[in-house]
Protein chains: 2
Amino acid sequence: MASQQKTSRKAAGTAAAIRRPRARAANGGAQGGDAGDDIGLDALAGHAGYAVRRFQLWIFQDFIKTLAAADIRPTQYSVMTVIGANPGLSQMAVAKRLGIERARLVHLLDSLEERDFVSRIPSATDRRTHALHLTARGKTALAQFKRLAAEHERHVAEKIGKENREQLLQILACFT
Amino acid sequence: MASQQKTSRKAAGTAAAIRRPRARAANGGAQGGDAGDDIGLDALAGHAGYAVRRFQLWIFQDFIKTLAAADIRPTQYSVMTVIGANPGLSQMAVAKRLGIERARLVHLLDSLEERDFVSRIPSATDRRTHALHLTARGKTALAQFKRLAAEHERHVAEKIGKENREQLLQILACFT
DNA sequence: TATTGTTATACTCTATAACTATA
DNA sequence: TATAGTTATAGAGTATAACAATA
């Protein structure tokens with residue numbers, strides 16, 4: 001399939017190689033090879049999804065950077081937070097609550113269990129399920145993660161403004 | 001590595017199998033095997049990143065569903081929109097403007113070129129670069145995509161409220 | 001028969017590094 | 001030497017399907 005794509009691209013490139021007077025000049029001619037910041041995006045400016053995507057990229061990057069010393073990523077943090085607030089949940093319950101595939105949660109819990117942050121305790125009432133708990137070490141670790149996460153939230157407030165951050169949380173409350 | 005993980009998980013499970021009185025009872029006991037909606041998440045409620053992530057998932061799902069008939073995904077749409085608004089841009093310029101890896105843009109453009117929406121035109125001034133343009137077919141298609149995208153935006157407004165959507169766009173304007 | 005946890009597969013996206021051809 | 005486009009690879013993340021144990 002890759003070679004097919006390659007072939008068709010090369011072919012298209014060759015065909016298009018019949019040079020034209022360049023409509024590009026209509027743009028001022030400064031944008032062809034330049035990665036300047038003056039590229040018009042008005043067409044995307046009105047799209048909520050684009051702004052939200054860029055914001056989410058920024059926010060996750062800052063979260064990862066701020067919690068890099070603890071080596072915890074956003075999803076791991078959310079899993080530990082939910083288990084810490086609701087000890088004894090099953091894997092299905094956590095997966096559904098966070099919108100994670102249960103197949104993926106298996107691997108997330110594997111790594112958290114390897115680091116001795118979480119433990120799967122067989123349920124006495126339903127032997128298919130595990131009751132999820134934070135270990136003593138996990139509880140201590142989560143407390144530190146939360147301090148770092150609070151620092152990350154301050155970065156967000158600095159970036160978009162304290163009031164704007166609170167408004168945003170209100171607007172999106174229906175998604176938490 | 002997989003078998004290592006499996007081994008350590010099984011071992012941890014066995015060791016933890018020494019049953020405890022279940023701290024879970026402190027939560028009301030209804031949450032263990034249940035995926036109910038009453039799982040406490042207060043701990044995550046104050047985190048902008050979590051709300052934004054969930055919102056972005058919803059918004060992308062709706063975008064993909066609304067534009068499914070056109071078979072266009074959000075990133076493809078943003079690429080065509082930028083090229084349409086700024087004909088003649090180089091691949092680097094588009095990649096930087098949209099925050100996409102230039103390596104990934106290659107494949108995105110491959111598929112758009114295969115569908116005859118975009119063409120790479122060799123630059124006369126810098127033979128390393130391609131000037132990107134929409135084909136006639138691409139322009140017609142983009143016009144239809146924009147109508148569908150506008151319908152998607154109406155879905156967003158229905159979901160979070162018309163005024164909230166506009167406020168959100170204002171708050172996140174610095175990320176577009 | 002349905003559900004939980006698990007394994008496996010595939011596809012998308014992200015992040016790199018290297019290669020080529022140009023500059 | 002630096003840059004643009006390309007190729008390749010590895011790692012997350014997502015979406016499925018299937019399986020064993022259990023309900």
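Residue numbering restarts at 1 for every chain, and letters A, B, ... go by the order of the sequence lines.
- From one end of the helix from C/dT1-D/dA23 to C/dA23-D/dT1 to the other, with five pairs defining each end axis, the axis direction shifts by 0° (rounded to 10°).
- If you measure from atom CG of B/Leu109 to atom P of D/dA4, you get 15 Å, rounded to the nearest angstrom.
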Problem set entry | Worked check of salt bridge (Lys or Arg N to Asp or Glu O under 4.0 Å) between B/Arg154 and B/Asp62 | CA-CA 11 Å; B/Arg154 284 193 291 276; B/Asp62 185 86; over 6 Å; no
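- A search for ring-ring contact (aromatic ring centres under 6.0 Å, His included) contacts involving A/Phe63 returns A/Tyr77, A/His152, not counting sequence neighbours.
- Note: CG (B/Asp110) to C1' (C/dT12) measures 15 Å, nearest angstrom.
- At least one donor-acceptor pair under 3.5 Å links the side chain of A/Arg137 to the backbone N or O of A/Arg115.
- In this structure a side-chain-to-backbone donor-acceptor pair under 3.5 Å is present from A/Glu153 to B/Ala48.
- The one candidate from B/Leu98, B/Ile83, B/Val94 that meets the side-chain contact (heavy atoms from CB on, under 4.5 Å) condition with B/Ser78 is B/Leu98.
- Taking Ile, Leu, Val, Met, Phe, Trp and Tyr as members and joining any whose side-chain heavy atoms lie under 4.5 Å apart, directly or through other members, the hydrophobic cluster of A/Trp58 also contains A/Val52, A/Phe55, A/Ile59, A/Phe60, A/Val156, A/Ile160, A/Leu168, A/Ile171, A/Leu172, A/Phe175, B/Val52, B/Phe55, B/Trp58, B/Ile59, B/Phe60, B/Val156, B/Ile160, B/Leu168, B/Ile171, B/Leu172, B/Phe175.
- Between B/Arg53 and A/Pro74, the closest side-chain pair of non-hydrogen atoms is not below 4.5 Å.
- One finds no side-chain N or O of A/Gln91 lying less than 4.0 angstrom from the OP1 or OP2 phosphate oxygen of C/dT3.
- Listed by chain and number, the residues in a side chain to side chain donor-acceptor pair (under 3.5 Å) with B/Gln167 amount to none (sequence neighbours excluded).
- If you measure from atom NE2 of B/His130 to atom P of C/dA23, you get 12 Å, rounded to the nearest angstrom.
- With a 4.5 Å cut-off on side-chain heavy atoms, A/Leu44 and B/Thr176 do not count as touching.
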Expected rows: protein N/O vs nucleotides 14-19 of chain C N/O, under 3.5 Å:
residue, atom, partner, partner atom, Å
C/dT14, OP2, B/Arg104, NH1, 2.6

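- Rounding to the nearest 0.5 Å gives a distance of 7.5 Å between NE2 of B/His47 and NZ of A/Lys146.
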Polar-atom pairs under 3.5 Å, protein N or O versus N or O of nucleotides 21-23 of chain D: list them with distances, or write none.
residue, atom, partner, partner atom, Å
D/dA23, OP1, A/Arg127, N, 3.0

